[in-house]
*Asks:* 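Take a look at this one; I'll ask things after.
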Amino acid sequence: MRTLLFALALVAAPAAAQNATPDVSHLIGRPYAGLPGGWGGVGGSVLEASPDGEMYILSRFESVRDRGHLFVYSRVDQMIDDRYPVSTILAALAVPDVAEGEIASSYACSVGPDEPTVVVVGEQTLDEADGVFRYGPVRLAWALDREAEQFVPVDADRVTCIEEGIP
C-alpha cells in the first residue's frame with residue numbers, strides 16, 4: 001500500500017507543480033541586467049520618473065516551458081552606453097497558466113488615476129479591419145503599488161481597458 005501511495009505521489013507531483021504559482025521572491029533585491037532563467041523576453045516600458053527622480057521599468061516575460069508570465073518592476077541604477085539599463089528588482093509577479101485566447105498584459109488597463117499600472121489576465125482580440133486590439137472580460141488583475149514596491153491583487157470588475165491601435 002505504501003508503495004502504491006508513493007507511486008501515485010510521484011505521478012501527481014508534476015501536474016500539481018505545473019498549476020502552482022512560481023515563487024519569484026528570490027528575485028527581489030537582485031541586480032537585473034538580463035532575462036531570468038527559463039523566461040523569454042516579450043517587452044517592457046519605462047514608467048514615468050517618480051518624485052525622487054529615479055527611473056523605473058516594468059518588464060514582461062513569457063515562460064519558455066508553459067503559458068506562464070513574469071512581470072518585473074525594477075529601479076534603474078545605471079545605464080550602459082545610454083541604451084542598456086542595469087537595475088535592481090523591486091517587485092516580481094508570476095502569473096501561471098494563461099489560457100488560450102487570453103493575454104497577460106500591463107498595457108491599456110487601469111483602476112483609475114490612483115492605480116494607473118495594472119497587470120491583467122483576460123481576453124484580447126484583434127479587429128483586423130480597424131487595426132485595433134480590444135479587451136474582453138478581465139479574469140485576474142493586480143495593481144502595481146509603487147510606494148510599497150509590490151503587486152497587489154485588485155477586483156477585476158474595477159478594471160477598465162482602452163483599445164490599443166497597432167503601430
Side-chain angles (χ1 to χ4, degrees), residues 12 14-30 32 35-36 38-52 54-76 87-167:
Q18 286 177 346
N19 293 327
T21 301
D23 180 15
V24 292
S25 61
H26 65 282
L27 297 174
I28 309 302
R30 296 183 69 169
Y32 168 66
L35 298 177
W39 300 95
V42 175
S45 61
V46 175
L47 303 177
E48 69 279 357
S50 68
D52 62 9
E54 299 285 341
M55 186 170 44
Y56 296 85
I57 297 174
L58 181 61
S59 303
R60 179 170 69 99
F61 305 95
E62 289 182 2
S63 172
V64 297
R65 292 181 288 278
D66 55 31
R67 294 195 48 84
H69 292 256
L70 173 67
F71 292 84
V72 173
Y73 173 61
S74 58
R75 180 191 63 243
V76 175
S87 57
T88 299
I89 297 173
L90 304 175
L93 171 67
V95 180
D97 301 327
V98 175
E100 193 69 39
E102 287 186 323
I103 186 167
S105 176
S106 60
Y107 300 105
C109 299
S110 70
V111 187
D114 294 336
E115 297 175 273
T117 304
V118 178
V119 172
V120 297
V121 175
E123 296 175 12
Q124 184 188 55
T125 57
L126 172 61
D127 182 336
E128 292 187 28
D130 293 340
V132 171
F133 284 104
R134 290 191 172 83
Y135 285 88
V138 172
R139 182 171 58 92
L140 300 168
W142 296 264
L144 173 58
D145 182 336
R146 293 179 69 179
E147 190 172 305
E149 298 178 345
Q150 63 183 349
F151 291 94
V152 180
V154 294
D155 182 1
D157 292 336
R158 293 180 48 216
V159 174
T160 56
C161 300
I162 60 172
E163 297 177 348
E164 290 183 281
I166 299 173

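It should be emphasised that the depicted structure is a prediction, and the values quoted were computed from it without experimental measurement.
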*Asks:* Can you list the residues that meet the side chain to side chain donor-acceptor pair (under 3.5 Å) rule with T125, with sequence neighbours excluded?
*Replies:*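 By the side chain to side chain donor-acceptor pair (under 3.5 Å) rule, T125 matches no residue at all.
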
*Asks:* For R139, enumerate each residue passing the side chain to side chain contact (heavy atoms under 4.5 Å, CB included) test, keeping only those at least two apart in sequence or located in another chain.
*Replies:*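 Result, side chain to side chain contact (heavy atoms under 4.5 Å, CB included) vs R139: E102, V121.
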
*Asks:* Quick check for you: to the nearest 0.5 Å, what is the distance between I89 atom CD1 and L27 atom CG?
*Replies:*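 I89 CD1 to L27 CG: 5.0 Å, rounded to 0.5 Å.
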
*Asks:* Could you walk me through whether V138 and C161 satisfy the side chain to side chain contact (heavy atoms under 4.5 Å, CB included) test, starting with their C-alpha distance in whole Å, then the side-chain angles of each, then the deciding distance to 0.1 Å, before giving a yes or no?
*Replies:* CA-CA 9 Å; V138 172; C161 300; 4.0 Å; yes

*Asks:* Contact between T88 and S74 at the side-chain level, heavy atoms closer than 4.5 Å - yes or no?
*Replies:*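 Of all side-chain heavy-atom pairs linking S74 with T88, none is under 4.5 Å.
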
*Asks:* Closest approach of A156 and L140, non-hydrogen atoms and distance?
*Replies:*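 Looking at all heavy atoms of both residues, the closest pair is CB-N, 4.3 Å.
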
*Asks:* Where do I103 and Y135 come nearest, in terms of heavy atoms and distance?
*Replies:*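 Taking every non-hydrogen atom into account, CG2-CE2, 4.2 Å.
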
*Asks:* Could you list the residues that satisfy side chain to side chain contact (heavy atoms under 4.5 Å, CB included) with D157, not counting sequence neighbours?
*Replies:*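 By the side chain to side chain contact (heavy atoms under 4.5 Å, CB included) rule, D157 matches D155.
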
*Asks:* Return the CG to CD distance between L90 and Q150, rounded to the nearest 0.5 Å.
*Replies:*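 The distance works out to 11.5 Å.
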
*Asks:* Working to the nearest 0.5 angstrom, can you tell me the gap between S87 OG and R30 CZ?
*Replies:*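 CZ of R30 is found 12.5 Å from OG of S87.
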
*Asks:* Holding to side chain to side chain contact (heavy atoms under 4.5 Å, CB included), I want the full list of residues that pass it with L93, two or more places apart in sequence or in another chain.
*Replies:*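 F71, V95, V119, W142, F151.
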
*Asks:* Provide the closest heavy-atom pair for D23 versus S25 in the form atom of the first, atom of the second, distance.
*Replies:*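 In this case the closest contact between D23 and S25 is OD1-OG, 2.8 Å.
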
*Asks:* Distance from L144 atom CG to Y56 atom OH, nearest 0.5 Å?
*Replies:*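 Between L144 CG and Y56 OH, I get 11.0 Å after rounding to 0.5 Å.
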
*Asks:* I'd like to check the side chain to side chain donor-acceptor pair (under 3.5 Å) partners of S59; sequence neighbours left out, ordered by chain and number.
*Replies:*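 Result, side chain to side chain donor-acceptor pair (under 3.5 Å) vs S59: none returned.
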
*Asks:* Find the distance between CD (E62) and NE2 (H69) and round it off to the nearest 0.5 Å.
*Replies:*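 E62 CD to H69 NE2: 4.5 Å, rounded to 0.5 Å.
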
*Asks:* How long is the gap from CZ on R158 to SG on C109, to the nearest 0.5 Å?
*Replies:*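 Nearest 0.5 Å value for the CZ-SG distance: 13.5 Å.
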
